Amino acid sequence: MKQYISQLVELAKIDKKIDDFGPKIENIEQKLKKAAQEKRSIEQMIEQLKNEIQECELKKSKNELHLKELSEKLADIEKKSAQVKTEKELKALQLEEDIAKEQINFANEEIARLENICETKQDEIKSFEERLQESEEQYKKIEDEVKQELQELENEREKLFQMKSELIAKIPKQILVFYEKIRRWAGNTAVVPVKKQACMGCFMKINDKTYASVIKGEEITTCPHCGRILYLEEENE
């Protein structure tokens, strides 16, 4: 029976190593996700800047159209000025002309301001595009590294599965069923050592009879408190 207990201990260790691959794979993939997120963030910023430029260009077009309308209005006022007959009509046309000229100045200033904004945002896009290129290169590099690391982990996992298969073949079926039943709720603490006469799964002290049974190793002994399989830990462990 001691042989089977030792095999269960080994099986539990192998199962734990196999389960540990989950977090390892997640940590490795997280590096790639982080690089992808950074790349996507830069792409979104470029897209946002392009939308802002498009909006800016639209505003500029509206001002240019308004400027054209004001120029036509000034030309019309000039024609009317040549036909005025009273001072009152002349003053009204002059006021209208002053307002139109003021609006023209404002439109020109607004167009210049919008052009400056568009140029600034174009420069920002160039800067972000350079960053995007660097980010894409970094992403490709990390992607290659991640693929290699995942392949190495997969190779290790396959070796562990092979070891597990060979070990399972040596353990009686009823013992395996018992082990798996406990493992369903205890996870990787299904088989635990006894230290200072205490179960290292629930950390409760076991009675002398149970402890003596663990020492003898003539049968599979479980903790009377938590039900985990117990074994006597070797000193070198």
Side-chain angles (χ1 to χ4, degrees), residues 1-40 138-237:
M1 187 59 71
K2 281 187 177 181
Q3 172 191 349
Y4 297 139
I5 294 172
S6 298
Q7 288 169 342
L8 282 179
V9 171
E10 186 62 28
L11 179 59
K13 289 178 180 178
I14 291 173
D15 277 334
K16 184 180 183 308
K17 287 179 181 178
I18 290 172
D19 287 348
D20 286 345
F21 278 103
K24 286 180 182 178
I25 290 171
E26 190 177 338
N27 287 336
I28 291 171
E29 289 177 340
Q30 192 60 37
K31 292 190 292 183
L32 191 61
K33 287 179 182 176
K34 187 178 178 182
Q37 181 58 40
E38 184 179 346
K39 186 165 74 76
R40 180 58 186 154
Q138 182 67 14
Y139 178 84
K140 184 65 175 66
K141 182 182 176 183
I142 292 173
E143 186 179 37
D144 292 340
E145 290 175 356
V146 165
K147 282 181 181 177
Q148 184 178 345
E149 288 178 32
L150 288 176
Q151 186 57 54
E152 288 173 359
L153 282 181
E154 185 57 31
N155 293 340
E156 287 179 34
R157 187 157 62 174
E158 284 179 5
K159 288 179 182 177
L160 285 172
F161 274 121
Q162 181 61 33
M163 289 171 62
K164 181 177 178 178
S165 296
E166 293 172 0
L167 188 57
I168 285 175
K170 301 174 183 176
I171 304 173
K173 186 177 178 180
Q174 65 270 25
I175 294 177
L176 281 174
V177 170
F178 183 62
Y179 164 74
E180 290 297 340
K181 183 179 178 181
I182 296 173
R183 194 170 187 274
R184 272 198 292 272
W185 61 265
N188 290 316
T189 62
V191 182
V192 293
V194 173
K195 290 183 180 179
K196 297 181 179 178
Q197 204 171 327
C199 165
M200 289 295 100
C202 64
F203 303 100
M204 297 284 288
K205 188 173 182 180
I206 59 175
N207 57 51
D208 294 340
K209 183 180 178 181
T210 303
Y211 187 47
S213 179
V214 173
I215 293 171
K216 288 178 182 178
E218 293 176 353
E219 57 183 21
I220 293 175
T221 306
T222 57
C223 174
H225 307 292
C226 68
R228 290 176 172 86
I229 297 171
L230 301 175
Y231 72 95
L232 191 64
E233 190 173 46
E234 297 293 337
E235 288 187 13
N236 59 357
E237 288 189 273

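All of these numbers come straight from a predicted model, not from anything done at the bench.
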Below 4.5 Å, heavy atoms only, C-beta onward: do [X] and [Y] meet side chain to side chain?
{"X": "Cys199", "Y": "Val194", "value": "no"}
{"X": "Glu156", "Y": "Phe21", "value": "yes"}
{"X": "Ile171", "Y": "Leu11", "value": "yes"}
{"X": "Lys33", "Y": "Gln37", "value": "no"}
{"X": "Ile14", "Y": "Leu167", "value": "yes"}
{"X": "Thr221", "Y": "Tyr211", "value": "no"}
{"X": "Glu219", "Y": "Ser213", "value": "yes"}
{"X": "Leu230", "Y": "Thr222", "value": "no"}

Not counting sequence neighbours, list each pair that qualifies as a side-chain hydrogen bond (donor to acceptor under 3.5 Å, both in side chains) and has a residue in residues 199-208.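 Every side-chain hydrogen bond (donor to acceptor under 3.5 Å, both in side chains) pair that includes a residue of residues 199-208, provided the two are not neighbours, is Gln197-Asp208, Asn207-Thr210.
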
Starting from the C-alpha separation in whole Å, work towards a yes-or-no answer on side chain to side chain contact (heavy atoms under 4.5 Å, CB included) for Tyr139 and Leu32. CA-CA 7 Å; Tyr139 178 84; Leu32 191 61; 3.5 Å; yes

Distance, nearest 0.5 Å, that separates [atom1] of [X] from [atom2] of [Y]:
{"X": "Ile18", "Y": "Met163", "atom1": "CD1", "atom2": "CE", "value": "9.0 Å"}
{"X": "Glu218", "Y": "Ile5", "atom1": "CD", "atom2": "CD1", "value": "9.5 Å"}
{"X": "Lys17", "Y": "Asp15", "atom1": "NZ", "atom2": "CG", "value": "11.5 Å"}
{"X": "Met204", "Y": "Ile206", "atom1": "CE", "atom2": "CD1", "value": "11.5 Å"}
{"X": "Ile28", "Y": "Ile142", "atom1": "CD1", "atom2": "CD1", "value": "13.0 Å"}
{"X": "Ile220", "Y": "Tyr4", "atom1": "CD1", "atom2": "OH", "value": "9.5 Å"}

Polar contact flag, side-chain donor to acceptor under 3.5 angstrom, Thr189-Arg228: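 A donor-acceptor contact under 3.5 Å links the two side chains.
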
Find out whether the Lys NZ or Arg CZ of Lys181 is both under 6.0 angstrom from the six-membered ring centre of Phe178 and within 45° of the ring's axis.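 Negative - Lys181 is either too far from the ring of Phe178 or too far off its axis.
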
Report the C-alpha distance between Gln148 and Glu145 in whole Å, list the side-chain angles of each, state the deciding distance to 0.1 Å, and finish with yes or no for side chain to side chain contact (heavy atoms under 4.5 Å, CB included). CA-CA 5 Å; Gln148 184 178 345; Glu145 290 175 356; 5.8 Å; no

Charged N-O contact under 4.0 Å between [X] and [Y]:
{"X": "Glu154", "Y": "Arg157", "answer": "yes"}
{"X": "Asp19", "Y": "Arg183", "answer": "yes"}
{"X": "Lys31", "Y": "Glu149", "answer": "yes"}
{"X": "Asp20", "Y": "Lys16", "answer": "yes"}

Using a cut-off of 6.0 Å, state whether more than 12 heavy atoms not belonging to Lys24 lie near its atom NZ.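 Result for NZ/Lys24: enclosed.
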
If you compare all heavy atoms of Trp185 against all heavy atoms of Cys226, which two are closest, and at what distance to 0.1 Å?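 Closest approach of Trp185 to Cys226, heavy atoms only: CH2-O, 2.9 Å.
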
Identified side-chain hydrogen bond (donor to acceptor under 3.5 Å, both in side chains) partner of Asp144 from the options Lys140, Lys147, Lys141: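 For Asp144, the side-chain hydrogen bond (donor to acceptor under 3.5 Å, both in side chains) test succeeds with only one of Lys140, Lys147, Lys141, which is Lys140.
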
For side-chain hydrogen bond (donor to acceptor under 3.5 Å, both in side chains), just list the numbers for Gln151 and Asn155, CA-CA rounded to whole Å, side-chain angles, deciding distance to a tenth of an Å, and then say yes or no. CA-CA 6 Å; Gln151 186 57 54; Asn155 293 340; 3.0 Å; yes

Using the side-chain hydrogen bond (donor to acceptor under 3.5 Å, both in side chains) rule, take Gln162 and Glu166 through it: C-alpha gap first, then chi angles, then the decisive distance, then the call. CA-CA 6 Å; Gln162 181 61 33; Glu166 293 172 0; 3.0 Å; yes

